[in-house]
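The structure appears below as structure tokens.
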Amino acid sequence: MLWVTFHGGKPTKDVKNPVNNIYAYKDSGGDPIETKVLSGAKQYLRDAELRGFVFAYGHLYVANGRKDSNTVLRFKGSGTQYQLKDVFVTREGSSGINSIFHPYSLIFDGSEYCYVSSQDTDVVTRLTTDSKAKSGSAAPIPSGLPSGGTFFAGTFVACSLAQLPGLSATTPVPAPQGLAVGFAQSQDADAGTSKVQHSVRDLALANGKLYVCDEAASLVKVYDMNGKWLQSSNTVPGPAHLLAWKGQLFVSGSKAVMSAPLGSSSLQFSAVSSVDGTGASGMAFNAKGDKFFVADRKKNEVHSYDVSPGRTFSNKKKIISNMPDNPEFLVYVPD
């Protein structure tokens with residue numbers, strides 16, 4: 001199956017029926033087999049902006065970037081039915097973590113930590129998990145950041161600017177260590193004259209390193225497990241989604257799907273031949289690795305490609321069309 005999150009939010013003139021849940025499709029294409037994978041979370045799914053989701057510790061964790069929610073939710077279930085278990089982490093309330101603001105992506109390292117990227121604070125938060133990952137708490141500020149600095153709770157990768165709209169000031173961390181940020185004029189009087197538009201996006205863990213999409217800088221950045229910047233990639237147009245697979249790191253952006261070998265001395269991306277990257281968002285391989293799937297958030301479609309043993313891509317097919325909203329994250333889930 002292919003599971004998809006969508007842009008969501010409230011209805012607009014462009015998207016009259018935004019999707020606030022996870023859809024499940026057959027990976028052979030066609031209409032969805034389930035349009036409400038998530039249940040029991042009515043207060044969180046109302047106008048939800050669901051983004052990254054992962055299976056870990058026998059549960060499904062889902063990031064909800066809705067501005068008055070800012071949560072990672074934990075669900076339990078099987079097949080295409082998952083019931084809310086509890087809230088893994090939130091920005092809201094007295095016990096909230098202030099770095100979790102418009103969360104985009106999350107990833108677990110399989111041992112102690114969870115990492116969450118948040119668009120409106122433009123940081124990566126590191127969370128310490130309990131033994132069964134029921135909840136996350138802000139981990140100590142890593143040694144890779146300046147000692148004695150002021151940071152949002154749990155900051156692992158910091159923003160390069162001292163203050164973002166509507167937020168308290170923090171210690172700026174210059175590039176390349178810090179993340180870039182871009183602004184757009186806002187029509188929301190409460191947000192001031194501008195709002196964050198381009199900032200941190202997806203995350204990947206591979207070879208003991210954290211890979212981070214710095215969308216505003218058009219780079220994928222690499223950090224060690226102490227939060228120290230190691231290197232940056234060559235230019236990638238608007239990097240948003242990452243996928244580590246069999247020694248390769250794939251990235252999709254505003255104009256291309258690109259890949260780079262992991263483990264080399266430099267991270268050099270090149271366009272994946274025969275794969276159309278225009279509007280590309282989420283990516284996934286099937287279990288065998290002989291099919292590659294790419295969501296198109298401009299055309300509201302999903303395309304598949306045949307993958308040869310030599311890792312060439314061919315035979316593009318439109319397997320899902322007329323999606324009701326812009327697809328964001330795409331995950332292959334075995335039936």
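What you are looking at is a predicted structure, and each value in this text was computed from that prediction instead of being measured.
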>> Checking S39 against Q83: is there a side-chain donor and acceptor pair closer than 3.5 Å?
In response: yes
>> Nearest 0.5 Å, please: how far is CD1 in I107 from OH in Y113?
In response: 16.0 Å
> Is the side chain of N17 donor-acceptor paired with the backbone N or O of P324 at a distance under 3.5 Å, no angle test?
Replying inline: no
>> Please verify the inter-ring angle class for F313 with F285; under 30° counts as parallel, over 60° as perpendicular, anything in between as tilted.
In response: tilted
> Sequence neighbours excluded, which residues qualify as side chain to side chain contact (heavy atoms under 4.5 Å, CB included) partners of P172?
Replying inline: A162
>> Is the distance between the ring centroids of F329 and F53 under 6.0 Å?
In response: no
> Does atom NZ of K316 have more than 12 heavy-atom neighbours from other groups under 6.0 Å away?
Replying inline: yes
>> Counting only heavy atoms not in N226 (residues, nucleotides, ligands), do more than 12 fall under 6.0 Å from its CG?
In response: yes
> How many angstroms lie between atom OG of S160 and atom CG of D122, to the nearest 0.5 angstrom?
Replying inline: 6.5 Å
>> Run the salt bridge (Lys or Arg N to Asp or Glu O under 4.0 Å) test against K291 and tell me which residues pass, sequence neighbours left out.
In response: D306
>> Using 0.5 Å steps for rounding, measure from the CZ atom of F75 to the CG atom of D86.
In response: 10.0 Å
> How many angstroms lie between OG in S28 and CE in M1, if you round to the nearest 0.5 Å?
Replying inline: 12.0 Å
> Would V116 and L210 show up in the same hydrophobic cluster when neighbours are defined by side-chain heavy atoms closer than 4.5 Å?
Replying inline: no
> Does any donor atom in the side chain of E34 or Q81 lie under 3.5 Å from an acceptor atom in the other side chain?
Replying inline: yes
> Between Y23 (side chain) and L2 (backbone), is there a donor-acceptor pair under 3.5 Å?
Replying inline: no
> Going by heavy atoms in the side chains, are D296 and H303 under 4.5 Å from each other?
Replying inline: yes
> For K67, which residues count as a salt bridge (Lys or Arg N to Asp or Glu O under 4.0 Å) partner, sequence neighbours excluded?
Replying inline: D120
>> Using the ring-ring contact (aromatic ring centres under 6.0 Å, His included) criterion, which residues pair with F88? Sequence neighbours excluded.
In response: Y61, F108
>> With rounding to the nearest 0.5 angstrom, report the CE to NE2 distance, M283 to H241.
In response: 7.5 Å
> Is the NZ or CZ atom of R51 both under 6.0 Å from the centre of the six-membered ring of Y104 and within 45° of that ring's axis?
Replying inline: no
>> Using a 6.0 Å cut-off, check whether atom CG of D31 has over 12 heavy atoms from anything other than its own residue.
In response: no
> Which of these, V54, I22, V72, V37, sits in a side chain to side chain contact (heavy atoms under 4.5 Å, CB included) with V62?
Replying inline: I22
>> Can a side-chain donor-acceptor contact be found between D325 and N300 if the only test is distance below 3.5 angstrom?
In response: no
>> Applying ring-ring contact (aromatic ring centres under 6.0 Å, His included) as the test, list every pair that has at least one member in residues 135-168; sequence neighbours left out.
In response: Y115-F156
>> Count I, L, V, M, F, W, Y as connected when their side-chain heavy atoms are under 4.5 Å apart, and connections chain through other members. Are V333 and V4 then in the same cluster?
In response: no
> Excluding sequence neighbours, so at least two apart, what forms salt bridge (Lys or Arg N to Asp or Glu O under 4.0 Å) with D335?
Replying inline: none
>> Membership question, hydrophobic clusters at under 4.5 Å side-chain separation (ILVMFWY): are W229 and V173 in the same one?
In response: no
>> I'd like to check R311 versus K246 (side-chain heavy atoms, cut-off strictly below 4.5 Å). Are they in contact?
In response: yes
>> Quick check: is V220 connected to L230 through a chain of hydrophobic side chains (ILVMFWY, heavy atoms under 4.5 Å apart)?
In response: yes
> In terms of side-chain heavy atoms, does D290 have a donor or acceptor partner in N286 at a distance below 3.5 Å?
Replying inline: yes
>> Using the side chain to side chain contact (heavy atoms under 4.5 Å, CB included) definition, which of the options L267, V200, D214, V157 pairs with K221?
In response: D214
> Could you go step by step and tell me if D130 and K132 meet the salt bridge (Lys or Arg N to Asp or Glu O under 4.0 Å) rule?
Replying inline: CA-CA 6 Å; D130 57 31; K132 294 184 179 180; over 6 Å; no
> Is it the case that S111 and D109 place a side-chain donor and acceptor less than 3.5 Å from each other?
Replying inline: yes
> Within a strict 4.5 Å, meaning less than it, do heavy atoms of the L45 and N21 side chains meet?
Replying inline: yes
> Just wondering, do V181 and H198 contact through their side chains at under 4.5 Å, heavy atoms?
Replying inline: no
> Counting heavy atoms not belonging to N322, are there more than 12 under 6.0 Å from its CG?
Replying inline: no
> So, T125 versus S99: side-chain donor-acceptor pair below 3.5 Å or not?
Replying inline: yes
> Distance from M258 atom CE to Q248 atom CD, nearest 0.5 Å?
Replying inline: 12.5 Å
>> Between L84 and L60, is there shared hydrophobic-cluster membership here, with clusters defined by ILVMFWY side-chain heavy atoms closer than 4.5 Å?
In response: yes
>> Between S314 and S274, is there a side-chain heavy-atom distance shorter than 4.5 Å?
In response: no
>> I want to know whether F250 and F292 have ring centres closer than 6.0 Å.
In response: yes
> Among side-chain atoms of N70 and E92, is any donor-acceptor pair under 3.5 angstrom?
Replying inline: yes
